Peer 1: 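The structure under discussion is supplied below as structure tokens; questions concerning it will follow.
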Amino acid sequence: MDTGQEGRMRLPEESCTLVAVGAGPAGLCAAREAAACGVRTTVLDENDKGGGQLIKQIHRFFGSREHGAGKRGFEIALELAEDCANAGAEIRLNHRVLGFFEDGRLLVEGDFIYVLEAKAVVLATGALERSFPFPGWTLPGVMGAGAAQTLVNVHGVLPGKRAVLVGSGNVGLIVAYQLLQAGMEVVGILEVEDRVGGYEVHESRVRREGVPIYLRHRLLAVEGLEGVEAVLAKDLEKGTVKRFHADTLCLAVGMIPQAELASMRGCRMVFVRELGGFIPWHDGDMRTDRPGVYVAGDAAGVEEASIAMDEGRLAGVAALEDLGALSPNEARKRKEELKRRLNLLRGGAAGRPRAMAKERLAAGWRHR
Amino acid sequence: MKGDWEKVWEEARERPVALVDCRQEIPCNPCEEACRKGAIRVGEDLCSAPVYDPGRCDGCGRCVALCPGMAIFLLDRRGGDGQAEVTVPWEMCGEIVEGERIWAVDGKGKVLTEGKVVKIKWMGGRWPTRLVTIRIPEERALKVRGVRFRENSVGSSEEVDQEYDLPEDYPVCRCEDVSREEVLKFLKMGLRSLTALRRSSRVGLGYCQGIYCQEQLRKELGMVTRRSEEETGMFKVRPPVRPVKLGRLGGVNG
């Protein structure tokens with residue numbers, strides 16, 4: 001720590017050309033593009049492993065060859081991190097970004113606190129599990145479905161013996177299945193709508209194991225003294241209340257883009273329901289309205305890991321183009337290919353609303 | 001019997017044949033990549049359902065192991081004795097051994113029949129999947145989508161008294177322990193912005209910096225002000241976005 005003339009402390013300063021914040025699929029892919037082009041690239045991540053949420057995914061992934069489809073999430077995580085490092089990027093784990101200031105500098109806590117300056121910053125900070133308050137939600141045993149998944153698949157710890165899940169989207173279905181794989185009982189999945197939110201194939205997987213899905217059931221409360229003992233849900237058709245005996249309640253009710261750094265940097269924030277909430281406005285190449293600031297992956301709207309990869313690559317190419325490290329012609333070619341792929345990934349019924357939201361963003365996002 | 005499956009049924013008399021039960025628009029094509037015989041086609045449009053030609057299938061089972069939706073199975077009726085062998089992907093951690101009795105279930109989890117495990121094979125890359133082959137009466141074979149040991153669901157619930165009273169008060173901001181009642185009180189006093197709520201009640205000033213309670217507060221505010229989420233906006237974000245020890249900011253390590 002350098003104490004300047006007037007006894008004022010100065011934080012160590014460092015600079016590099018491109019920084020990706022977040023070593024998930026988006027950040028790693030953005031950094032790989034940049035590093036492979038010879039640009040000095042650093043990836044920062046607050047976790048002790050690279051790969052973001054992929055490290056806890058033990059199921060095989062959708063997508064195509066470019067996204068590691070057919071492989072398990074954690075395999076894809078290892079491959080992406082290896083590719084990124086092999087391309088020459090420096091991946092700094094256990095480094096937490098504390099601030100992103102309007103002058104473009106990042107405040108980072110690693111072994112010590114330092115300031116990092118970069119010509120291009122790709123925000124790939126991912127998303128956060130949505131939760132909501134209800135009576136009993138602070139009891140031990142109430143957790144996000146992703147948290148349960150981390151316990152089971154990363155740490156090898158069962159969160160409890162009997163679980164109820166809330167939300168029948170893909171996350172709820174997949175996590176229910178993985179809790180079964182780990183040896184827990186799944187008492188049921190509560191869904192407030194009248195149909196299952198996730199893909200039929202995922203629904204079928206949990207049903208085959210005998211897990212009931214309660215449609216039109218609303219979570220009311222959790223009962224218990226020192227932890228979850230029972231879950232109360234209202235049957236919206238009959239108007240009755242049901243009590244499920246369980247010691248774990250997992251919420252799988254969506255994700256919220258984690259975009260605090262973009263907001264602090266002064267990026268224009270827009271609320272896009274289809275993409276999970278407030279996100280930094282970005283154009284079709286993943287540029288925000290602040291020069292040198294790009295966004296990719298779930299922080300740019302909650303979607304799938306395969307999309308995060310291609311968005312990361314797109315942000316990387318756009319940054320390289322702006323840095324002058326890629327010729328406009330080459331950049332255009334690569335962007336076209338990535339956008340073609342993104343369109344295909346968003347081509348199904350589930351993806352179309354997100355594709356339309358992204359189009360509206362690219363067109364400027366005016367209020368309707 | 002649906003058109004495709006009629007052909008599967010016929011071909012299965014000669015050799016094991018895949019049964020592809022994938023109808024939704026899912027951006028996915030590992031089945032196409034897995035097939036060395038070109039029997040499964042997804043094509044350029046990643047989201048289109050696979051087009052499958054049972055006539056070209058050699059029953060190798062690679063697609064069964066690699067389908068992320070676990071939606072492909074094998075059917076084998078070569079025995080010709082009224083029994084069929086059905087192969088399903090199995091990803092549970094427990095033990096399963098040849099000779100064991102197991103339930104065969106349909107896509108909804110309904111038990112179809114009991115069967116015997118006749119073969120177990122690991123397949124599908126570095127982290128393979130078990131392909132479990134069971135022998136069952138053939139009239140049920142086309143419907144089988146899985147196997148399990150438990151006969152039926154563990155789901156159990158009881159009806160609760162109609163007069164059950166829900167607690168009305170609970171924390172909204174768990175970091176600073178601010179209750180919903182308290183938030184409503186400040187709204188009643190006329191506070192109309194996230195910042196005002198934060199200043200007066202301490203919601204969003206705790207460890208998580210408001211990332212968890214923010215949505216709920218926006219909802220409560222919106223109900224009073226009739227403003228949209230976008231108009232209500234976000235908490236002003238200030239550094240540090242993650243908690244940090246003051247000593248570290250002051251240059252003390254550890």
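What's counted below: heavy atoms across the whole structure, side chains too, no hydrogens, waters or symmetry copies. All chains are named by letter (A, B, ...) in the order of the sequence lines, taking the proteins before the strands, and each is independently numbered beginning at 1. Quick caveat: nothing in here was measured; it's all calculated off a predicted structure.
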Peer 1: With chain A as the partner, which of B/A71, B/C67, B/P167 has the greatest number of non-hydrogen pairs under 4.5 Å?
Peer 2: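 Going by pairs under 4.5 Å, I would pick B/P167.
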Peer 1: Do any N or O atoms from the side chain of A/R130 and from the backbone of B/E215 form a donor-acceptor pair under 3.5 angstrom?
Peer 2: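 Checking the backbone N and O of B/E215 against the side chain of A/R130, no donor-acceptor pair under 3.5 Å is found.
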Peer 1: Do you know which of B/P68, B/G69, B/P239 has the most heavy-atom pairs under 4.5 Å to chain A?
Peer 2: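 Result: the option with the highest number of such pairs is B/P68.
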Peer 1: Taking A/R243 for the side chain and B/V160 for the main chain, is one N or O donor matched with an acceptor at less than 3.5 Å?
Peer 2: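 Judged by distance alone, no pair lies under 3.5 Å.
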Peer 1: For the candidates B/R218, B/Q214, B/E32, which exhibits the highest count of non-hydrogen atom pairs separated by less than 4.5 Å from chain A?
Peer 2: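 Looking at each of B/R218, B/Q214, B/E32 in turn, B/R218 comes out on top.
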Peer 1: Should the heavy atoms of other residues, nucleotides or ligands under 6.0 Å from CZ of A/R65 be counted, would the total exceed 12?
Peer 2: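 Counting other residues, nucleotides and ligands, CZ of A/R65 stays at 12 neighbours or fewer.
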Peer 1: Mark yes or no for whether A/R60, through its side chain, and A/G70, through its backbone, hold a donor-acceptor pair below 3.5 Å.
Peer 2: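 The answer is yes, because a donor-acceptor pair under 3.5 Å joins these two groups.
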Peer 1: Go through A/L261, A/L220, A/I58, A/I213 and name the one with the most non-hydrogen pairs under 4.5 angstrom from chain B.
Peer 2: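 Option with the top pair count is A/L220.
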Peer 1: Given that the side chain runs from C-beta out, which part of B/E91 has a heavy atom under 4.5 Å from chain A: side chain, backbone, both or neither?
Peer 2: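 Both the backbone and the side chain of B/E91 come within 4.5 Å of chain A.
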Peer 1: Which word best sums up how the rings of A/F61 and A/H59 line up, parallel for under 30°, tilted for 30 to 60°, or perpendicular for over 60°?
Peer 2: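 Aromatic pair A/F61/A/H59 classed parallel.
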Peer 1: Assess, by modelled atom type and distance only, whether the side chains of A/H217 and A/K234 contain a donor and an acceptor separated by less than 3.5 Å.
Peer 2: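 No pair is found: no donor N or O on one side chain lies under 3.5 Å from an acceptor on the other.
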Peer 1: What part of B/V88 is in contact with chain A, defined as an atom under 4.5 angstrom from a non-hydrogen atom: side chain, backbone, both or neither?
Peer 2: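 Neither part.
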Peer 1: So which part of A/V97 gets closer than 4.5 Å to some heavy atom of chain B, the side chain, the backbone, both or neither?
Peer 2: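 Contact with chain B: backbone only.
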Peer 1: For A/F134, is it the side chain, the backbone, both, or neither that has a heavy atom closer than 4.5 Å to a heavy atom of chain B?
Peer 2: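 For A/F134, the backbone is the part near chain B, not the side chain.
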Peer 1: Please look at B/Q216 and chain A and tell me whether the side chain, the backbone, both or neither of the residue comes under 4.5 angstrom of a heavy atom of that chain.
Peer 2: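 Side chain only.
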Peer 1: Measure A/I256 against the heavy atoms of chain B and call it side chain, backbone, both or neither at under 4.5 Å.
Peer 2: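 For A/I256, the contact with chain B is made by the side chain alone.
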Peer 1: Using residues 340-351 of chain A as the side-chain source, report each donor-acceptor pair under 3.5 Å to any protein atom, sequence neighbours left out, with the distance given to one decimal.
Peer 2:
{"from": "A/R340", "atom 1": "NE", "to": "A/E337", "atom 2": "OE1", "distance (Å)": "3.1"}
{"from": "A/R340", "atom 1": "NH1", "to": "B/E44", "atom 2": "OE2", "distance (Å)": "2.5"}
{"from": "A/R340", "atom 1": "NH2", "to": "A/E337", "atom 2": "OE1", "distance (Å)": "3.4"}
{"from": "A/R340", "atom 1": "NH2", "to": "A/E337", "atom 2": "OE2", "distance (Å)": "3.1"}
{"from": "A/R341", "atom 1": "NE", "to": "A/D310", "atom 2": "OD2", "distance (Å)": "3.2"}
{"from": "A/R341", "atom 1": "NH2", "to": "A/D310", "atom 2": "OD1", "distance (Å)": "2.7"}
{"from": "A/N343", "atom 1": "ND2", "to": "A/K339", "atom 2": "O", "distance (Å)": "3.4"}
{"from": "A/R346", "atom 1": "NE", "to": "A/E303", "atom 2": "OE1", "distance (Å)": "2.8"}
{"from": "A/R346", "atom 1": "NE", "to": "A/E303", "atom 2": "OE2", "distance (Å)": "3.3"}
{"from": "A/R346", "atom 1": "NH2", "to": "A/E303", "atom 2": "OE2", "distance (Å)": "2.9"}
{"from": "A/R346", "atom 1": "NH2", "to": "A/E311", "atom 2": "OE2", "distance (Å)": "2.8"}

Peer 1: Which bit of A/R96 is near chain B, if near means a heavy-atom gap under 4.5 Å: side chain, backbone, both or neither?
Peer 2: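 The side chain, not the backbone.
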Peer 1: Does the B/Y52 side chain pair with the main chain of B/A18, one donor and one acceptor, at a distance under 3.5 Å?
Peer 2: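 Looks like yes, one N/O pair under 3.5 Å.
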Peer 1: Hey, is CD on B/E114 packed in by over 12 heavy atoms from elsewhere, all under 6.0 Å?
Peer 2: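 For B/E114, atom CD is crowded (more than 12 foreign heavy atoms under 6.0 Å).
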Peer 1: For A/R218, I'd like to know if atom CZ has over 12 heavy atoms of other residues, nucleotides or ligands within 6.0 Å.
Peer 2: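 For A/R218, atom CZ is not crowded (no more than 12 foreign heavy atoms under 6.0 Å).
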Peer 1: Using non-hydrogen atoms only, which part of B/E33 is less than 4.5 Å away from chain A: side chain, backbone, both, or neither?
Peer 2: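 For B/E33, the side chain is the part near chain A, not the backbone.
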Peer 1: Does B/S48 reach the main-chain N or O of B/D45 with its side chain, forming a donor-acceptor pair under 3.5 Å?
Peer 2: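 The answer is yes, because a donor-acceptor pair under 3.5 Å joins these two groups.
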Peer 1: Report which part of B/D169 has an atom under 4.5 Å of a heavy atom belonging to chain A: side chain, backbone, both, or neither.
Peer 2: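 Nothing of B/D169, per the 4.5 Å heavy-atom cut-off to chain A.
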Peer 1: Please identify each residue that fulfils side-chain contact (heavy atoms from CB on, under 4.5 Å) with B/Y170, with sequence neighbours left out.
Peer 2: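 Listed in chain order: A/P133, A/P135, B/R180.
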Peer 1: So which part of B/S228 gets closer than 4.5 Å to some heavy atom of chain A, the side chain, the backbone, both or neither?
Peer 2: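 When you check distances to chain A, no heavy atom of B/S228 falls under 4.5 Å.
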Peer 1: In terms of heavy-atom pairs under 4.5 Å with chain B, which of A/R207, A/K71, A/R208 leads?
Peer 2: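 When all of A/R207, A/K71, A/R208 are compared, A/R208 has the most.
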Peer 1: Does atom CZ of B/R126 have more than 12 heavy-atom neighbours, drawn from other residues, nucleotides or ligands, at distances under 6.0 Å?
Peer 2: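 Open.
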Peer 1: Among the options A/Q178, A/R273, A/E203, pick out the one with the most heavy-atom pairs lying under 4.5 Å from chain B.
Peer 2: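 If we count pairs closer than 4.5 Å to chain B, A/R273 comes out on top.
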Peer 1: Counting heavy-atom pairs closer than 4.5 Å to chain B, which one of A/E75, A/E129, A/H202, A/E304 comes out on top?
Peer 2: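 Highest number of pairs under 4.5 Å: A/E75.
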Peer 1: If you count heavy-atom pairs under 4.5 Å between each of A/E109, A/R72, A/E46 and chain B, which one has the most?
Peer 2: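 Result: the option with the highest number of such pairs is A/R72.
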Peer 1: Name the region of A/R352, side chain, backbone, both or neither, that has any atom closer than 4.5 Å to a heavy atom of chain B.
Peer 2: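 The answer is the side chain of A/R352.
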Peer 1: Between chain A and each of B/G94, B/C173, B/G124, count heavy-atom pairs under 4.5 Å; write down the option with the most.
Peer 2: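 Between B/G94, B/C173, B/G124, the count favours B/G124.
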Peer 1: Please identify, among A/W137, A/F74, A/F132, the residue contributing the most non-hydrogen atom pairs under 4.5 Å to chain B.
Peer 2: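 Looking at each of A/W137, A/F74, A/F132 in turn, A/W137 comes out on top.
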Peer 1: With a 4.5 angstrom heavy-atom cut-off, which part of A/E200 approaches chain B: side chain, backbone, both or neither?
Peer 2: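 Contact with chain B is through both the backbone and side chain of A/E200.
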Peer 1: Do we see a donor-acceptor contact under 3.5 Å between the side chains of A/T125 and A/Q258?
Peer 2: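 Per modelled atom types, A/T125 and A/Q258 side chains form no pair under 3.5 Å.
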Peer 1: Using a cut-off of under 4.5 Å on heavy-atom pairs, state which of B/K236, B/K108, B/Q209, B/K110 scores highest against chain A.
Peer 2: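 Top count of heavy-atom pairs under 4.5 Å with chain A: B/K108.
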